[in-house]
Amino acid sequence: MAKFTAKPVDLLKINFKTPKTDWMDTPVNIREHMYCHPAKAKDLETVGFPNIHEWRPADDNWNLPEDWKEIVINGIKERLQKYRSFHVFMDICVRCGACADKCHFYLGTGDPKNMPVLRAELLRSVYRKYFTAGGKIFGKTAGARELTEDVLKELWYYFYQCTECRRCSVFCPYGIDTAEITMMARELTNLLGLQLGWIGGPVAACYMKGNHLGLEPHTIKSNIEMMLDDIETITGIRINPTFNRKGAEILFVTPSGDLFAMPGIYTCMGYLMLFHELGLDYTWSTYASEGGNFGFFTSNEMAKRLNYKIYAEAKRLGVKWILGGECGHMWRVLHQYMDTWNGPADFLEVPKSPITGTVFDNAKSTKMTHISEFTADLIKHGKLKLDKSRNDHLKVTFHDSCNTSRGMGLLEEPRYIIKNVCNHFYEMPENTIREKTFCCGSGTGLNASENMELRMRGGLPRANAVKYVRDQYGVNMLANICAIDRATLSASMDYWVPGVGVAGVSELVANALVMKGEKERTTDLRGEPLPGKEGAE
Amino acid sequence: MKILFPFFAVILLVLLAVVGVKGANLHFLFGVVVPYAAVFTFIIGVIYRVLKWAKSPVPFSIATTCGQQKTLPWIKQDKLENPSSTLHVIGRMALEVLLFRSLFRNLKGELKDSSRLIYGSDKWLWLAGIAFHYSFLIVLLRHIRLFAEPTPSYLHLLETFDGFLQIGIPRLFMTGVILLAAVTFLFLRRLYIPQVRYISLAADYFPLFLIIGIATTGILMRYFFKTDVVGVKELTMGLVSLSPVIPEGVGAIFYVHLLLVSTLFAYFPFSKLMHMGGVFLSPTRNLTANSREYRRINPWNYPVKVHTYEEYEEEFRDKMKMAEIPVEKE
Amino acid sequence: MSSLQGIRSLNELLSEKKQAILEKWFDSVLKTYPHDSAKFLKRQKDQFANPVGSTIYRGMGSLLDLIVNSADTDNIIKSLDEIIRIRAIQDFTPSHALAFVVELKRVVREEIKGETCASQLIDELPEFDRRVDGLLLLSFDIYMKCREKIYELKANELRNMTLKLVERANRIFEAKYRNVDLEDIISQGNKTERGE
């Protein structure tokens, strides 16, 4: 048996890794628990992605196609010509460092290559080598480096440690947006077949079945029917929503996570109850049954292909406009991309609330309105009867999703709603909310379980701010408007801030919503006893 | 290496000018040829770079929204942080370009006495940036005096303002001192803050050393060596009127100054200094954020392969019928 | 109590030198991080801009207080938990993650070396060491809990995702399709799967 001789001091010293070396000379160390498994070949084949092959991130040999280098260089060239953002962002960074400590992954991991500026430099150095005179002539002195397999691995490793949250871009004096750079880098890895399972799977499922989870039409219906049973138990009201109904006024689209995952289903019950109470003439679609878009994390083209279903279905069903549920990256896509990709939606009408008559002019071209805009308008016009005290057992704080805050600006609507349905609302510290909000740490398809350590590290800055309001005010519920948040913040809270739950805003609305003909409620949507009703059953 | 290489490059430039003028008598080369070449490179280079950027389209409306969107009429829109009209964008860009809005945002919360949360700001970078850029601008404007005859009147105003401290003869211009101080701060910051040092390239130090050299030689000429201003103006007027002359009696230090400035000009289009032009072209800042209100056209938008409803129904028709979901074809 | 003129107990000395010990101890932990991360963790004291560094620093500070004041185990666990929860998900082996606890012995010895009353203090060291050993044992428990939590989270996520499947399996037929023949549905499904 080996003799144990190590002293504590030695133990500490063994790990004393001092990259005194320049970052270019510090080779990438691909660590377990920090990355996701590769995609299944069958999923990539379904959507026709190129260069599908067997490979494992931890292996030395990634079985890259012979001409991989050419593919990447040509890929960069094509994207420089297609996107001014990419081109300009490759050139103008002055490395002032303002972004460095703004990234949740850098804050949580301390890995210098997670500083947004350095993450971008990983790709910029390659750009300089092949596309600038200075880089070609002066090489490393000009910050340029050859594209080697190791460099490619480094790009892959770190661009799948960025959630495209855009927090860095808020602080950059030139608005350099790492999300843009990450998107390009991920497109490049996708060209080489280096896709993640957690992204490839949902993309294939969404393409064929209409949603990321791969729920087939009858399953969607029966899932919702189960929620209807629960709603009936709680309120005594039986709701009868419709599916794929032609001639409805509104098509409702939400992330499929709301149909299936906990605690997303409570948010979904919230939608169902609200729409029923309003008597809204709306329909669900099993074909366009996904608001989110994991294609957005593979390539622009794939995102467009998945997004196609929403307008196509709206047209087929002959609805007047589209209402969208609570989701983060879904709204980045709907707000900034959908109309450009698959518009013009000239077969639809400008969204108009049938209850209040409010015309949503801010969506007059895309014709799609956010549920929070819709609900806030209802509350403002006094169209909802609300009993705030039903949420009295909750001390609520609100987490802005990256995309709805920095890719849309939906800041006040959800807050207005929460304040009208909850008595106890507390904001987290100012530099961690609104446009400065911290990511959940698991966006852009990084919400797998094999990379749980990465997720926990990335989630630490957000959790740390939640911990502050929990300790300060006793906050026990983290409200949000994002399906990925609902799924992943639950884990993050469980680890970092036990005792804090996660809920969609629409769940809180439905808790407070006094419905016509309902029986006296004794529990909230989760079956937890309402304040003052403990032991009522 | 990252620091020493650019440092010695600048030293080399200094020596080159001194030896060239003092030793080899290459006044014409350093006083006329090099400046012309530099300005030419600058103009062509900058135009080339900007056109190259402009050639790449902006396919999507990707503004980074840093405030409340335009929405329901009773919710106040943050027009400067989430612009919905060209006017708002102009406002946003003006704040960004003239006041470095985003750098100013660099907020930092601090916990005092382990319970009170105090918001201090981390504005040193912003302050140094503003001081550096504006003093550089004023110094540049002051140099117009050398290229215009008679001296435009607004320059007198500028100089009065710049020298209002009324110290010394010739009067001390504040901007020269501020420029040198700010650029030194930016250099030390790069050295001192570990993350910034880690990310810095030779290309980050080189312009700093150049500008330190330019400011130092400028100050030396004005206050210490008292360079022959009349001679200098003769030379610069010759340059600007395209009839170059080399006057007698202009010291070597002027040629050092001129070579460093020429290098800066020639280097500009190939370097990160192009951020001056790039900031205007940054799509996350210069676009309106009302992308649901007005459709943006992508010039290279192309048809893609999709999975149609018909294909979907074909696959699931039986299950749909079974679950009483309406279908197109029975 | 026991301190005569000029002679201080170890506890008194520790309280007195708390700041110096804390800084040294914190530094020894920082050394386990890569060079550039360490500098960042040390410099940036803001709780929200540097959650890792500030949490570890705060945790160590209160831990020192608690050791000196022989506080109850619950409070000690709370402080230890803050630190270990972070180190449990970083790139450390279990021994590396917890080595910081034992490191306190070295730091304290270094600090009291120069004291005039060092010889008396040395008599008190075994008791102090015993307390540190206690900390280490508690740390094992906490570390294991954190790691178990990570795996629990993975399992939970899977469960949250499949819970509905199970529920549906139980409820699907009895609710809506009560009248449909089970056999029919299964054979239908099989046909579709085979692409018929």
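Labels below follow one simple rule: chain letters A, B, ... track the order of the sequence lines, proteins then strands, and each chain is numbered from 1.
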request  = Examine A:Tyr416 together with B:Trp74 and report whether their ring centres are nearer than 6.0 Å.
outcome  = yes
request  = Pick one of side chain, backbone, both or neither for B:Phe5, based on which atoms fall under 4.5 Å of a heavy atom in chain A.
outcome  = side chain
message = In the structure I gave you, are the side-chain heavy atoms of B:Glu293 and A:Ser365 within less than 4.5 Å of one another anywhere?
response = no
inquiry  = What part of B:Phe206 gets within 4.5 angstrom of chain A, counting heavy atoms only: side chain, backbone, both, or neither?
reply    = neither
key: Student check: side-chain heavy atoms of B:Phe316 and A:Pro217 closer than 4.5 Å   = yes
task = Taking the side chain as every heavy atom from C-beta outward, state whether A:Cys96 and B:Leu125 have any atom pair closer than 4.5 Å.
result = yes
ask   = What part of B:Arg296 gets closer than 4.5 Å to chain A, counting heavy atoms only: side chain, backbone, both or neither?
value = both
request  = Could you tell me whether a side-chain N or O of B:Arg190 sits under 3.5 Å from a main-chain N or O of A:Arg95, the two making a donor and an acceptor?
outcome  = yes
inquiry  = For the interface with chain A, which of B:Thr284, B:Thr308, B:Leu287, B:Val306 has the highest count of heavy-atom pairs at distances below 4.5 Å?
reply    = B:Val306
message = Please classify the contact of B:Ser84 with chain A as side chain, backbone, both or neither, using a heavy-atom distance under 4.5 Å.
response = neither
key: Closest contact, heavy atoms only, B:Ile62 versus A:Arg332   = CG2-NH2, 4.0 Å
query = Quick check: does any side chain N or O of B:Lys272 sit under 3.5 Å from a backbone N or O of A:Cys93, one acting as donor and the other as acceptor?
reply = no
request  = Check whether B:Lys52 gets within reach of chain A through its side chain, its backbone, both or neither, counting any heavy atom under 4.5 Å.
outcome  = both
key: Side chain / backbone / both / neither for B:Lys2 at chain A, heavy atoms under 4.5 Å   = side chain
ask   = A:Met208 versus B:Glu315: any side-chain heavy-atom pair under 4.5 Å?
value = yes
Sub-4.5 Å side-chain heavy-atom contact between A:Tyr83 and B:Pro59 = yes
request  = Could you tell me whether a side-chain N or O of B:Tyr312 sits under 3.5 Å from a main-chain N or O of A:Thr286, the two making a donor and an acceptor?
outcome  = yes
side-chain hydrogen bond (donor to acceptor under 3.5 Å, both in side chains) between A:Tyr287 and B:Glu313, worked out = CA-CA 8 Å; A:Tyr287 170 64; B:Glu313 187 182 301; over 6 Å; no
query = If you measure only the distance, is there a donor-acceptor pair under 3.5 Å linking the side chains of A:Asp91 and B:Trp53?
reply = yes
inquiry  = Under 3.5 Å, is there a donor on one side chain and an acceptor on the other for A:Ser169 and B:Thr64?
reply    = yes
query = Do you know which of B:Asp204, B:Ile75, B:Val279, B:Ile297 has the most heavy-atom pairs with chain A at a distance under 4.5 angstrom?
reply = B:Asp204
task = Check A:Tyr308 against B:His307 and note the closest heavy-atom contact, atom names and distance.
result = CE2-O, 4.1 Å
task = Verify, without hydrogens or angle tests, whether A:Arg316 (side chain) and B:Tyr309 (backbone) share a donor-acceptor contact under 3.5 angstrom.
result = no
note = Most heavy-atom pairs under 4.5 Å with chain A, out of B:Ala203, B:Ala202, B:Cys66, belong to B:Cys66
request  = Below 4.5 Å from any heavy atom of chain B, which atoms of A:Val170 appear? Answer side chain, backbone, both or neither.
outcome  = both
key: Contact leader toward chain A among B:Met320, B:Lys305, B:Met274, B:Lys70, where contacts are heavy-atom pairs under 4.5 Å   = B:Lys305
task = Consider only side-chain N and O atoms of B:Thr65 and A:Glu435, and report whether a donor and an acceptor are under 3.5 Å apart.
result = no
message = Using modelled atom types and a 3.5 Å cut-off, is there a donor and acceptor pairing between side-chain atoms of B:Asn301 and backbone atoms of A:Thr340?
response = yes
key: Under 3.5 Å: donor-acceptor pair, side chain of B:Lys319, backbone of A:Thr219   = no
query = Would you find a donor on one side and an acceptor on the other, under 3.5 Å apart, between the side chain of A:Gln336 and the backbone of B:Ala63?
reply = yes
ask   = Would you say the side chains of B:Glu96 and A:Tyr174 form a donor-acceptor pair under 3.5 Å?
value = no
ask   = Angle class for the A:Tyr337/B:Phe60 ring planes (parallel below 30°, perpendicular above 60°, tilted otherwise)?
value = tilted
Sidechain N-carboxylate O distance under 4.0 Å for A:Lys246, B:Glu328 = yes
remark   = Max heavy-atom pairs within cutoff under 4.5 Å with chain B, candidates A:Gly143, A:Cys172, A:Ala179, A:Pro344, goes to A:Pro344
note = Counting heavy-atom pairs under 4.5 Å with chain A, the top scorer among B:Val58, B:Val97, B:Leu201 is B:Leu201
message = Please classify the contact between B:Leu72 and chain A as side chain, backbone, both or neither, with a heavy-atom cut-off of under 4.5 Å.
response = side chain
task = Would you check if the side chain of B:Asn82 reaches a backbone N or O of A:Met408 as a donor-acceptor pair within less than 3.5 Å?
result = yes
ask   = Between B:Gln69 and A:Glu412, does any side-chain donor sit less than 3.5 Å from a side-chain acceptor?
value = no
query = Would you call B:Arg292 and A:Asp339 a salt bridge, taking side-chain N to carboxylate O under 4.0 Å as the test?
reply = no
message = As an exercise: rank A:Ile92, A:Val47, A:Thr132, A:Asn342 by heavy-atom pairs under 4.5 Å with chain B and give me the winner.
response = A:Ile92
key: Toward chain A, the part of B:Val196 with a non-hydrogen atom under 4.5 Å   = side chain
key: Side chain / backbone / both / neither for B:Leu281 at chain A, heavy atoms under 4.5 Å   = both
query = Is there a donor-acceptor contact under 3.5 Å from the side chain of A:Arg84 to the main chain of B:Ala54?
reply = yes
Side-chain donor or acceptor of B:Ser291 paired with backbone N/O of A:His335 under 3.5 Å = yes
